[in-house]
Amino acid sequence: MLRIVLFLVLIALAGAGAAWVADQPGEVVMTWGGWRASPTIPVFVLLLGIFAVAIVLLWSLLTATWRLPGRMRRRRHEKRHARGRHAITHGLLAIGHGDTALARRHADTARRLAANDPLALLLHAQSAQLEGNRDEAQRVFRVMAEREDTRLLGLRGLFIEAQRADDAVGAVMIAEEAIKLSPSSTWASHAVLGFRCARGDWSGALAILDSNLSAGLIDKAAYRRQRGVLLTARALELETMDRDVARESVMEAIKLAPTLVPAAVLAAKFESEAHQVRRAMKMVEAAWLANPHPDLADAYAHVKLGDSARQRLQRVETLAAKTNDKTAVDRPGHVEGQLAIARAAIDASEFARARDVLAPYVNDPTQRVALLMAEIERTEHGDGGRARAWTLRAVRARHDPAWTADGYVSDRWRPVSPVTGRLDAFQWQTPVASLPSGKGATIESSAFEEAMLAAPPPKRVTAAPSEAPVEPVATTPAPVPAAQDNSPPEAEAKEAGKEAAKETVEEIVKEEPAVALAEPVAPAPEAAESSPVAATPVFRTRADLGKPAQAPIQAVIPIVRAPDDPGIDDEGPSDEFTEQIGTPAHAKAQAGGWRGFWSRWGA
């Protein structure tokens with residue numbers, strides 16, 4: 001609206017000026033040699049305007065003619081650049097859907113038409129990766145690393161190629177160079193942090209963590225937790241070498257992460273040795289309420305040095321009551337408390353108390369419950385048969401919680417995952433392999449177990465004074481293969497096993513009265529108990545958990561995911577910082593990756 005008003009005002013002013021000029025009387029006399037002209041003022045103004053327009057048109061024509069070659073060059077360059085951009089776009093799309101030939105053709109076109117375009121270099125490198133030409137990909141990434149605008153992208157590509165070549169040292173050097181250029185590079189900081197953790201360089205890892213906080217890569221809560229994890233790892237490593245530094249580290253860690261189980265256990269140990277029993281108990285109680293763990297219960301039981309087994313039992317009952325009052329019966333906290341009480345009761349020879357505590361779990365026991373019941377049978381009655389039956393049941397029982405990270409199960413806590421290098425990855429949880437399958441029931445008792453658990457305790461055999469002690473001849477039942485939960489049992493074999501076990505038990509019961517002699521005398525010395533059963537693996541592979549076939553992985557990550565991601569390995573997923581480690585004692589080189597670093601550094 002304002003423009004319309006202004007336009008009307010200008011037209012009105014122009015009309016008023018023209019009317020004023022037309023009303024002016026007089027003539028303008030111009031003389032040039034013998035030529036003389038005397039137009040009126042309105043005609044003179046009109047001729048002056050025409051002359052000005054002609055001059056402007058002539059100047060425009062001259063300048064356009066002068067600039068025509070430059071404009072033609074720019075036009076040709078813009079057209080060439082547009083064709084290059086078109087080739088880059090369609091080349092990246094070809095990489096995305098895995099068309100190697102089309103990607104290479106577009107890459108050649110883009111390199112010819114837009115050689116200095118950063119995306120053309122990226123397309124060239126990714127097409128070389130897709131074809132498997134790693135030497136060409138590294139050459140292009142080096143060119144990108146030398147340019148100011150693509151330096152970080154080139155370093156990222158060189159880092160990935162170093163990982164593929166199992167060059168861990170080169171990969172870390174590249175990542176450290178990237179951190180110097182850009183401290184906010186997430187991939188570089190994670191790579192350096194993971195490498196230093198795998199190498200056991202906790203001071204260097206703490207420095208990287210502080211840099212990540214300054215760059216805003218992690219928030220304050222995550223920083224406190226991860227710093228507590230690193231300090232705990234350093235304290236555990238220095239526990240036997242430098243106890244002062246270890247104590248200082250773990251005390252700072254327990255302030256940053258009071259619920260971290262290994263930190264609470266180690267801090268309680270140091271406080272107990274310093275006769276600070278109440279402080280040690282408070283540390284353990286705080287971690288226990290957040291995450292009940294058997295190590296916490298053991299540290300709480302031995303928090304006061306020199307206590308008897310009954311005193312330790314009372315202390316464990318006090319700790320278990322803290323979660324029993326606040327947690328439902330089916331919560332893991334309650335289970336861990338009851339198992340801790342059973343362990344302490346067995347140590348204190350309170351077998352009745354241990355049986356009462358384990359009674360709610362014997363129908364569907366976990367491995368720890370079954371092993372505790374086996375220990376009770378062996379220690380209280382010396383019943384090796386029942387102990388072996390419980391041990392056999394423990395082999396096929398449900399798994400207990402364990403330290404698990406990225407599918408890797410460890411017997412102890414670790415600060416980083418050996419699979420991915422992720423910090424603070426281990427969680428106290430039930431392994432995936434122990435979860436119930438679609439088959440239905442997880443545990444199926446075999447006929448042999450039922451017979452052994454149902455049979456009465458074995459009777460002692462007595463002999464006459466005049467006769468030498470004779471061992472009773474007993475028919476040992478042939479062991480019936482236990483029905484594993486990871487193999488579907490046949491119905492007919494299961495019924496036959498039960499019948500055979502029942503007949504064997506009946507024969508043993510019938511033969512027992514005939515073994516007893518007429519006159520009771522002093523019992524013969526008992527035969528030595530059989531050697532303990534070898535420890536069975538807690539975690540095993542379940543056959544009923546189908547292993548899906550691994551899908552083929554593209555050689556290059558599609559550019560639609562991230563413009564700075566040059567690609568991934570076309571030979572399957574590999575761990576970061578992989579390294580081939582070979583020793584003379586092992587003809588076969590050890591697989592690289594985080595596990596290789598752990599083994600190299602003695603972890």
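All residue numbers in this chain count up from 1 along the given sequence.
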Open item on the list: For the aromatic rings, using the six-membered ring if either is Trp, is the centroid distance between Trp187 and Phe159 under 6.0 Å?
Closed with: yes
Open item on the list: Between the side chains of Glu377 and Arg355, is the shortest nitrogen-to-carboxylate-oxygen separation below 4.0 Å, so that they form an ion pair?
Closed with: yes
- [ ] Apply side chain to side chain contact (heavy atoms under 4.5 Å, CB included) to Arg378 and Thr391, showing your working.
- [x] CA-CA 11 Å; Arg378 184 182 297 107; Thr391 304; 4.2 Å; yes
TODO: Check the side chains of Trp202 and Glu237 for a donor-acceptor pair under 3.5 angstrom, ignoring hydrogens and angles.
DONE: yes
Task: The single option from Leu371, Val362, Asp383 passing side-chain contact (heavy atoms from CB on, under 4.5 Å) against Trp390 - done: Val362
Task: Nearest non-hydrogen partners of Ala263 and Ile254, listed with the distance - done: C-CD1, 3.9 Å
Task: Smallest separation among heavy atoms of Leu313 and Ile341, with atom names - done: CD1-O, 3.7 Å
Task: Any side-chain heavy-atom pair of Val250 and Leu231 under 4.5 Å - done: no
Task: Salt bridge present between Asp424 and Arg225 (N-O < 4.0 angstrom) - done: yes
- [ ] Side-chain contact test, heavy atoms from C-beta onward, threshold under 4.5 Å: evaluate it for Asp242 versus Asp244 and give yes or no.
- [x] yes
Task: Glu252 bridged to Arg247 by N-O distance under 4.0 Å - done: no
Task: Presence of salt bridge, Glu273 and Arg243, under 4.0 angstrom - done: yes
TODO: Walk me through it: do Leu260 and Asn291 pass the test side chain to side chain contact (heavy atoms under 4.5 Å, CB included)?
DONE: CA-CA 8 Å; Leu260 188 61; Asn291 184 19; over 6 Å; no
Open item on the list: Are there over 12 heavy-atom neighbours, none belonging to Glu248, within less than 6.0 Å of that residue's CD?
Closed with: no
Open item on the list: Which label fits Trp428 and Trp403: parallel for a plane angle under 30°, tilted from 30 to 60°, or perpendicular past 60°?
Closed with: perpendicular
- [ ] Taking all heavy atoms of Pro262 and all of Trp413, pick out the closest pair and write down the distance.
- [x] CG-CD2, 3.4 Å
Open item on the list: Under a 3.5 Å distance rule, please check whether Arg353 uses its side chain to pair with a backbone N or O of Ala345 as donor and acceptor.
Closed with: no
Task: Trace of the side chain to side chain contact (heavy atoms under 4.5 Å, CB included) decision for Trp288 with Leu319 - done: CA-CA 8 Å; Trp288 175 268; Leu319 180 64; 3.7 Å; yes
TODO: Indicate yes or no: does Asp210 engage Arg227 in a salt bridge with an N to O separation below 4.0 Å.
DONE: yes
Open item on the list: So for atom CE, which belongs to Met251, do other residues, nucleotides or ligands contribute more than 12 heavy atoms lying within a distance under 6.0 Å?
Closed with: yes
- [ ] Measure the shortest side-chain to side-chain distance between Arg343 and Arg312 over non-hydrogen atoms and say whether it is less than 4.5 angstrom.
- [x] no
- [ ] Mind checking the SG-CZ spacing from Cys197 to Arg414? Nearest 0.5 Å is all I need.
- [x] 13.5 Å
Open item on the list: Could you walk me through whether Arg234 and Ser249 satisfy the side chain to side chain donor-acceptor pair (under 3.5 Å) test, starting with their C-alpha distance in whole Å, then the side-chain angles of each, then the deciding distance to 0.1 Å, before giving a yes or no?
Closed with: CA-CA 7 Å; Arg234 183 170 67 180; Ser249 299; 3.2 Å; yes
Open item on the list: So which atom in Val419 and which in Tyr408 form the shortest heavy-atom distance, rounded to 0.1 Å?
Closed with: CG2-CB, 3.8 Å
TODO: Dump the intermediate steps for side chain to side chain contact (heavy atoms under 4.5 Å, CB included) on Gln367 and Arg398, then the final yes or no.
DONE: CA-CA 6 Å; Gln367 292 178 341; Arg398 291 184 296 107; over 6 Å; no
Task: SB check Glu239 Lys269 (cutoff 4.0 Å) - done: yes
Open item on the list: Quick check: closest heavy atoms across Ala299 and Val265, and the distance to 0.1 Å?
Closed with: CB-CG1, 4.2 Å
Open item on the list: Taking Gly228's backbone N and O only, do any of them form a donor-acceptor pair with Thr232's side chain (distance below 3.5 Å, no angle check)?
Closed with: yes
Open item on the list: To the nearest 0.5 Å, what is the distance between CG on Leu155 and CD1 on Ile174?
Closed with: 7.0 Å
Open item on the list: Does this structure show an ion pair linking Lys322 with Glu317, if we count only N-O contacts that are shorter than 4.0 Å?
Closed with: no
- [ ] Without swapping roles, check the side chain of Ser182 against the backbone of Ala178 for a donor-acceptor pair under 3.5 Å.
- [x] no
TODO: Heavy atoms only: give me the nearest Lys255-Arg224 pair and the separation to one decimal.
DONE: O-NH2, 3.4 Å
Task: Under 3.5 Å donor-acceptor, Ser211 side chain and Leu209 backbone - done: no
